[in-house]
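Order of appearance sets the numbers: ligands from 1, and atoms from 1 within every ligand. Hydrogens, waters and symmetry mates play no part in the numbers below; they use all other heavy atoms, side chains included.
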Amino acid sequence: GKSVGILAMDIYFPPTCVQQESLEAYDGASKGKYTIGLGQDCMAFCTELEDVISMSLTVVTSLLEKYHIDPKQIGRLEVGSETVIDKSKSIKTWLMKIFEECGNTDIEGVDSTNACYGGTAALFNCVNWVESSSWDGRYGLVVCTDSAVYAEGPARPTGGAAAIAMLIGPHAPISFESKYKGTHMAHVYDFYKPILASEYPVVDGKLSQTCYLMAVDSCYMRYCNKYEKFEKKPFSISDAHFFAFHSPYNKLVQKSFARLYFNDFLRNSSLVDKDAKDKLEPFAQLTGDESYQNRDLEKASQQVSKLLYDEKVQPSTLLPKQVGNMYTASLYAAFASVIHNKHSTLDGQRVVMFSYGSGLASTMFSFKLHGGKHPFSLSNIASVLNVSEKLEARHVFTPEKFIETMHLMERHYGAKDFETSRDTTLLSHGTFYLTRVDSMYRRYYAKK
Ligand code: ACO
């Protein structure tokens, strides 16, 4: 095989953030609700200078520069996003500015949208293109870009913002195991954006949690079945070194991994030891629906899978806990956290990925990792991602200043004829930012 997959990655998130601990106090929530209850540390957000277009311009420019990729070598560009700035004009067309300047307008692909799943759809499109007979030998490029903001209320602390770019091609250090995909798609109203005049979603929080966990179960079952069909042996948690989940907030990731463990127990996996079997036995007869509501099962399965969680999931949680829900970029930021934490020991290892987009669309798939050759090596990807430095360089806003920013963003959403402050003090060198929107709603960006 060609080992098609991810050759290179970069991530950008705004340098502006708010601490969950201070937000919790400001909101009058009980102490620990956002930090321990939701499991979140910090939340990034865009100020009036940044949006999903500027973040994607920043991350694509940075990726091309840092890996020395000639823009003419890109043959397909796919964007995943659920943040609507324009109901017709794709974000991809904005990114064409970078390529037009180099004389390359021969680039297929537009935007994909379904809540947080759009990035995965974009990735599959690029991988399938490279694997297909219409591939012309050039690279694919996937961009996931979102600004997750919620109205005041319990969902507000589950926001976040980021853009991720991934270069796709053959002989990749992060190669796709296309044979073992498990997908579950259905129609539900758990999280959606029917109010076109507002950036905020309508969300049924409890339903969205249950839908997510049901999707984890369905996808895992299908993934296991496909694995077994091809490998002629059962799959269990022990067959993957790491798991990366779409991460609206960390607590849901903890619950999801516990669900995988419970599935292994129900499937009689040899991974589950005697002690864990005894603890889970009382729940073996629950129907699916009952099992999602059962708090004792939740507790017991989290407890017996705790050590495996620390080993196989915890390394993926850094960016999602520090940046928040990045919607389409969330899963890939979790994966980037694994590379950041473990790049020197990943050779030959498997990472299982779970993508979830409300509405709903979900897939479990996996990557096989290889050290790779410079510049497309795991260690170079880790150094380009530069996660620690990017996190440390951030500016912490007070909750008051965060709320003030949200109000300004509400006034700017869908507006025309305004200029931004152009005060780029907090932005790092090379960051694109919004300067104005004219009377025809045309947007203008500059690069610091
Ligand atoms: N100390 C420690 N833990 C606490 C505290 C405290 N002081 N107070 C509450 N908690 C715990 C709760 O017990 C709960 O944990 P549990 O589920 O393990 O019991 C957790 O904190 C959250 O508390 P809830 O009362 O359940 O929170 P609430 O209902 O107010 O809001 C929710 C949470 C529904 C997730 C909300 O933030 C939301 O709607 N977010 C957006 C929807 C979402 O992200 N869904 C996920 C999939 S869809 C998507 O990706 C958009």
TODO: Please state which part of Leu252 comes within less than 4.0 Å of ligand 1, counting heavy atoms only: side chain, backbone, both or neither.
DONE: side chain
- [ ] Apply side chain to side chain donor-acceptor pair (under 3.5 Å) to the pair Ser236 and Arg267, showing each step before the final yes or no.
- [x] CA-CA 9 Å; Ser236 77; Arg267 294 163 59 247; over 6 Å; no
- [ ] Tell me which protein heavy atom sits closest to atom 32 (C) of ligand 1, plus the residue, atom name and distance to 0.1 Å.
- [x] Gln209 NE2, 4.2 Å
TODO: Decide, yes or no, whether a salt bridge links Glu78 with Lys92 under the criterion of side-chain N to carboxylate O below 4.0 Å.
DONE: no
Task: Per atom 1 (N) of ligand 1, closest listed option by heavy atom (Ser208, Ser30, Gly32) - done: Gly32
- [ ] Distance to 0.1 Å, residue and atom name: give those for the protein heavy atom nearest to atom 37 (O) of ligand 1.
- [x] Pro154 O, 2.9 Å
Task: Note: Lys306-Asp310 ion pair, threshold 4.0 Å (strictly below) - done: yes
TODO: Looking only at protein heavy atoms, identify the closest one to atom 26 (O) of ligand 1 and say how far it is in Å.
DONE: Lys206 NZ, 2.8 Å
TODO: Considering only protein heavy atoms, determine whether one is less than 4.0 Å from atom 12 (C) of ligand 1.
DONE: no
Open item on the list: Here's a test for you: under side-chain contact (heavy atoms from CB on, under 4.5 Å), which of Leu141, Asn125, Leu123, Asn128 qualifies with Ile168?
Closed with: Leu123
Task: Candidate with minimal heavy-atom separation from atom 34 (C) of ligand 1, of Gly205, Pro248, Gly159 - done: Gly205
Open item on the list: My understanding is that we take every heavy atom of each candidate and find the minimum distance to atom 33 (C) of ligand 1. Doing that for Leu38, Ile36, Thr158, which one comes out nearest?
Closed with: Leu38
Task: Heavy-atom nearest option to atom 23 (O) of ligand 1, drawn from His246, Gln40, Lys33, Lys255 - done: Lys33
- [ ] Would you mind checking which non-hydrogen protein atom is closest to atom 18 (O) of ligand 1, with the distance to 0.1 Å?
- [x] Lys251 NZ, 2.7 Å
Task: NZ/NE/NH1/NH2 to OD/OE distance under 4.0 Å, Glu231 and Lys226 - done: no
- [ ] Using a strict 4.0 Å cut-off to heavy atoms of Arg295, name the atoms of ligand 1 that fall inside it.
- [x] 16 (P), 17 (O), 19 (O)
Task: Electrostatic pair Asp51:Arg443 at N-O distance under 4.0 angstrom - done: yes
Task: Lys279 and Asp296 ion-paired at < 4.0 Å - done: no
Task: Note: Arg350-Asp239 ion pair, threshold 4.0 Å (strictly below) - done: no
- [ ] Do me a favour and list the nearest non-hydrogen protein atom to atom 10 (N) of ligand 1 with residue, atom name and distance?
- [x] Gly37 CA, 3.8 Å
Task: Salt-bridge present (Lys401, Glu404; N to O < 4.0 Å) - done: no
TODO: Go through ligand 1 atom by atom and flag the ones less than 4.0 Å from a non-hydrogen atom of Phe191.
DONE: 51 (C)
TODO: Look at ligand 1 and say whether Tyr249 reaches it with a heavy atom at a distance under 4.0 Å.
DONE: yes
Open item on the list: Just to be sure I read this right, does ligand 1 sit under 4.0 Å from the backbone of Ser358, its side chain, both, or neither, counting only heavy atoms?
Closed with: side chain
Open item on the list: Heavy atoms only, cut-off 4.0 Å: how does Lys31 contact ligand 1, side chain, backbone, both, or neither?
Closed with: backbone
Open item on the list: Regarding Lys193 and Glu199, does a basic nitrogen lie under 4.0 Å from an acidic carboxylate oxygen?
Closed with: no
TODO: Enumerate the atoms of ligand 1 whose separation from the nearest heavy atom of Ala155 is less than 4.0 angstrom.
DONE: 36 (C), 37 (O), 38 (C), 39 (O), 40 (N), 41 (C)
Task: Residues Tyr34 and Asp41: side-chain donor-acceptor under 3.5 angstrom - done: no
Open item on the list: Using heavy atoms and a 4.0 Å limit, tell me yes or no: is Arg156 in contact with ligand 1?
Closed with: no
